Amino acid sequence: STSAIDIGEDREKFYQFALDEERVILDFEKINFKLVKKEYLDGIKGLKDELTIMKKVLQKTYDSRTFIGLVVSKIISILFKRFSSHSILLVLQKQ
């Protein structure tokens, strides 16, 4: 796995963008697709990345591979995923 430290110069080539979920759904509906499933993913990642005051403790929980850490991470993700998801899975089907 390559980290930001390993890629050095390539970090400047990285590009990230975000799409508005409702806009994406509307655009697909215009071309005869129907939303089948919407799932908010990884609520703890979004929360830890945006909530700087809690970043250390959330990062430690996020990185934990102990049973308790995994359970706490999952609970936080479930509770906050609608508001702080890292990404959203949209499944659309052609009509």
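Predicted model, so just to flag it, every value in this text is computed and none were measured.
A 6.0 Å sphere centred on NZ of Lys38 holds more than 12 heavy atoms belonging to other residues, nucleotides or ligands. Atom NZ of Lys56 is surrounded by 12 or fewer heavy atoms from other residues, nucleotides or ligands within 6.0 Å.
By the criterion of side-chain heavy atoms lying less than 4.5 angstrom apart, applied directly or through intervening Ile, Leu, Val, Met, Phe, Trp or Tyr residues, Val71 is not grouped with Leu41; the two fall into different hydrophobic clusters. The hydrophobic clustering, which links ILVMFWY residues whose side-chain heavy atoms are closer than 4.5 Å, places Val36 and Leu89 together. Cluster annotation: Leu35 and Leu26 are assigned to distinct hydrophobic clusters (Ile/Leu/Val/Met/Phe/Trp/Tyr, side-chain heavy-atom contacts under 4.5 Å, transitive). Val24 and Tyr40 fall within the same hydrophobic cluster, defined by Ile, Leu, Val, Met, Phe, Trp and Tyr side-chain heavy atoms under 4.5 Å apart, directly or through other members.
Note: Leu70 CG to Ile75 CD1 = 11.0 Å, rounded to the nearest 0.5 Å. Interatomic distance, Ile25 CD1 to Lys34 NZ, rounded to the nearest 0.5 Å: 12.5 Å.
Residue Ile44 forms a side-chain contact (heavy atoms from CB on, under 4.5 Å) with just one option from Ile78, Thr61, Asp49, and that option is Thr61.
Considering all non-hydrogen atoms of both residues, Leu90 and Glu21 come closest at CD1-O, 4.2 Å. For the pair Gly69 and Ser64, the tightest heavy-atom approach, listed with the atom from each and the gap, is CA-OG, 3.4 Å. Between Ser84 and Gly43, the shortest heavy-atom distance links the atoms OG-O, 2.9 Å.
With Tyr62 as the aromatic partner, Lys48 meets the cation-pi criteria of under 6.0 angstrom to the ring centre and within 45 degrees of the ring axis.
Panel note: side chain Lys55, backbone Leu47; no donor-acceptor pair is recorded below 3.5 Å.
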